[in-house]
Amino acid sequence: MKILVINCGSSSAKYQLFDVKRYKCLARGIVERIGSAHSGLKYEVNGCKMVRGVACRDHDVAIRIIVNILTDPDHGIIRSKDEIGGIGHRVVHGGEEFKVSTRITPKVIRSIEKFSELAPLHNPPALLGIRACSRILRGIEQVAVFDTSFHQTMPPKAFLYGLPFKLYKKYGIRKYGFHGTSHRFVAERAAEVLGKHPGKLKLITCHLGNGCSMAAVKHGKSIDTTMGFTPLEGLLMGTRSGDLDPAVVFFIMEKERVSPERISDILNKESGLLGVSGVSNDMRDIIGASKKQGVSARRSKMALEIFIHRVEKYIGAYQAVMNGLDAVIFTAGIGENSPWLVKRIERDLKNVVPPRVKFLVIPTNEELLIARDTYNIIKTKRSN
Ligand code: ADP
C-alpha cells in the first residue's frame with residue numbers, strides 16, 4: 001500500500017510517498033514559500049531532483065500541486081490519486097488527549113484546533129494541510145501522528161513543574177516534550193541493532209538538529225525529556241536558549257524594556273548557538289569558526305562547550321532517573337554527522353557511564369514512522 005506523508009508548516013508543505021510494505025520512499029518534495037509571489041516546488045523521484053516555480057496562494061493549492069506532480073505522466077510515480085491508500089500528517093501538539101497516533105475525524109480536528117493554543121505556530125498549518133487533503137483527496141483515510149505522543153508516558157513527577165497545581169489544571173501548563181516521533185523511531189531501531197527487546201532496554205536518545213532534545217527511554221517508554229511546555233526548554237539549540245532561570249526573563253524585560261513578544265523572539269530566535277557565538281545557528285559554521293583565531297572563534301568554542309556540557313549533564317541525569325543505562329543514541333543533523341562529538345562525549349563520561357554502554361549513531365526517519373503508523377491504523381480499521 002502507498003501512504004502519503006504530509007508535514008505542513010506555515011509557508012511550506014513537505015511530502016513523501018511511501019511503499020510501506022517495502023519501507024521504501026518512492027517520491028519526496030516540498031512546496032515552499034506558500035502565499036508569496038515566489039512559490040516553488042522541489043521534488044525528487046527515482047533519484048532525480050527537480051525544482052520549478054509554481055503559483056501557490058494557499059495550502060489547498062499546495063496539496064493540489066503535490067497530487068499533480070505525483071500523478072504527472074512524465075515525472076510522477078502513480079497513475080492516479082486512487083493509488084494513495086492513506087495520508088499521515090505530522091502534528092506537533094496533541095496535548096494530553098493523544099497518547100498514540102490517531103485516525104482523523106471531525107472530533108480529532110476539533111481537538112487539534114484546541115491545542116493550537118499550546119502550539120500556535122505549528123498546529124494551525126497542520127490543520128490547513130488536513131483540511132486541504134479532505135477536500136482534494138476526498139475519501140482517503142487520514143491519520144495524525146503527534147510530536148508529543150511518545151512522551152505521554154512520562155510520570156507526573158517528570159512532567160509537572162513546581163508551580164501552583166491549579167495552573168496545570170486551568171491551562172495545561174506541564175512538560176509535554178517534542179520530537180517524539182524521532183525519539184521513538186531511533187529507540188526502536190536501537191533495540192533492533194542491539195538485538196534486544198525494547199522492553200529490556202534503558203536508552204538515552206539525543207535528537208540534535210536545529211532543535212535539540214533528549215529523552216530517557218526506559219523499557220520502550222519515554223519517562224523524561226528535555227523539551228517542556230514548549231520546545232524552548234532543555235539543551236542549547238540553533239537559536240533557542242534551552243534551560244534558563246525564569247527570573248532572567250523578568251530581568252531582561254525590565255532592563256531592556258521589552259514586550260513578551262520581543263522576549264520570546266530573543267529566547268527562541270536570537271539565542272542558542274547563534275546568540276552565544278554571534279556567528280551562526282548552524283553547527284557546521286560554529287565548528288569552522290571555532291578553529292580560527294579571535295573573538296568570534298572564542299565565542300564559537302564557548303557555544304560548542306555549552307552545547308556539549310548540557311548533553312553530558314542530561315546523560316548523567318537520565319542514567320540516574322532510569323537507574324541504569326544500556327545505550328546512548330545520537331541522531332538528526334548534528335547527531336548523525338559529528339562522530340567526533342559522540343567520541344568526545346563518550347570520552348568525557350568514561351568514569352560515569354559503564355564501559356558496556358554503547359554509544360550509537362542512528363539516522364532518524366520520522367516520515368517512515370508516520371507512514372507505518374498510518375498504515376497500521378488504516379489496516380486495523382479495515383480488518384475490523
Ligand atoms: P532540523 O531540526 O531542521 O530537521 P537537522 O536535523 O537537519 O535540522 O539538523 C540541522 C543541524 O545539523 C545544523 O546545525 C547543521 O549544522 C547540522 N549539521 C548538518 N551536517 C553536519 C555536519 N556534517 N557536521 C556537523 N553538523 C552538521
Side-chain angles (χ1 to χ4, degrees), residues 5-16 25 28-30 32-33 42 44 90-93 119 121-122 125-126 145 147-148 150 177-186 189 205-215 225-227 230-242 268-292 296-297 299-308 310-311 329-346 359-370:
V5 174
I6 298 283
N7 180 356
C8 278
S10 58
S11 65
S12 71
K14 289 189 204 153
Y15 71 92
Q16 289 196 27
C25 173
R28 73 177 83 204
I30 178 168
E32 291 176 308
R33 296 180 296 278
K42 287 185 189 154
E44 197 181 327
R90 175 183 178 225
V91 182
V92 165
H93 220 303
L121 299 179
H122 295 105
V145 179
D147 261 19
T148 48
F150 183 57
F178 300 88
H179 290 147
T181 318
S182 178
H183 288 292
R184 190 179 131 209
F185 182 86
V186 296
R189 273 292 296 146
T205 48
C206 312
H207 177 108
L208 309 178
N210 262 319
C212 301
S213 70
M214 288 168 59
T225 190
T226 55
M227 283 180 167
T230 74
L232 190 51
E233 194 179 341
L235 302 175
L236 193 78
M237 310 181 210
T239 59
R240 296 190 194 118
S241 66
N268 279 293
K269 299 182 185 163
E270 298 171 19
S271 298
L273 293 174
L274 173 67
V276 177
S277 70
V279 170
S280 168
N281 64 321
D282 192 300
M283 186 52 109
R284 286 164 291 199
D285 299 337
I286 300 291
I287 296 166
S290 68
K291 291 177 183 152
K292 298 188 178 138
S296 296
R299 280 174 47 189
S300 296
K301 263 188 218 132
M302 188 48 65
L304 200 50
E305 287 307 313
I306 301 173
F307 184 90
I308 294 171
R310 295 232 182 138
V311 175
I329 324 299
F330 292 83
T331 195
I334 300 173
E336 290 171 30
N337 295 297
S338 316
W340 63 270
L341 182 91
V342 178
K343 283 207 184 73
R344 155 89 192 263
I345 293 172
E346 192 173 357
F359 281 69
L360 304 173
V361 172
I362 297 184
T364 193
N365 194 339
E366 294 162 87
E367 292 78 12
L368 177 58
L369 189 51
I370 295 173

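We count ligands from 1, going down the list as the structure has it; atoms in each ligand are counted the same way.
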Looking at ligand 1, does any of its N/O atoms fall within less than 3.5 Å of an N/O of Ala332?
-> no

Nearest-option assignment for atom 19 (C) of ligand 1, heavy atoms, candidates His179, Arg284, Met237 = Arg284

Met214 and Cys206, any side-chain heavy atoms less than 4.5 Å apart | yes

What is the closest protein heavy atom to atom 24 (N) of ligand 1, and at what distance does it sit?
-> Asn337 O, 3.5 Å

Can any side-chain N or O of Arg90 pair as donor or acceptor with the backbone N or O of Asp147 at less than 3.5 Å?
-> no

At what distance is the nearest protein heavy atom to atom 11 (C) of ligand 1, and which residue and atom is it?
-> Ile334 CG1, 3.8 Å

Considering only protein heavy atoms, which is closest to atom 14 (O) of ligand 1, and at what distance to one decimal place?
-> Met283 N, 3.1 Å

Distance-only donor-acceptor check, side chains Ser213 and His183, under 3.5 Å = yes

If you measure from OG1 on Thr364 to NE2 on His207, what distance do you get to the nearest 0.5 Å?
-> 6.5 Å

Atom 16 (O) of ligand 1 touched by protein heavy atom at under 4.0 Å = yes

Any N or O of His207 that comes nearer than 3.5 Å to an N or O of ligand 1?
-> no

Any idea which protein heavy atom is nearest atom 5 (P) of ligand 1, and the distance to it?
-> Gly333 N, 3.7 Å

Whether Thr205 side chain and Ile329 backbone form a donor-acceptor pair below 3.5 Å | no

Side chain Arg299, main chain Val276, donor-acceptor under 3.5 Å | yes

Report yes or no: does a heavy atom of Ser338 sit under 4.0 Å from some atom of ligand 1?
-> yes

From atom 10 (C) of ligand 1, work out which of Asn210, Leu208, Leu273 has a heavy atom at the shortest distance.
-> Asn210

Can you tell if the side chain of Glu32 reaches within under 4.5 Å of the side chain of Lys42, non-hydrogen atoms only?
-> yes

Taking the side chain as every heavy atom from C-beta outward, state whether Phe178 and Thr148 have any pair of such atoms under 4.5 Å apart.
-> yes

Numbered atoms of ligand 1 (with element) below 4.0 Å of Gly211, judged on heavy atoms = 2 (O)

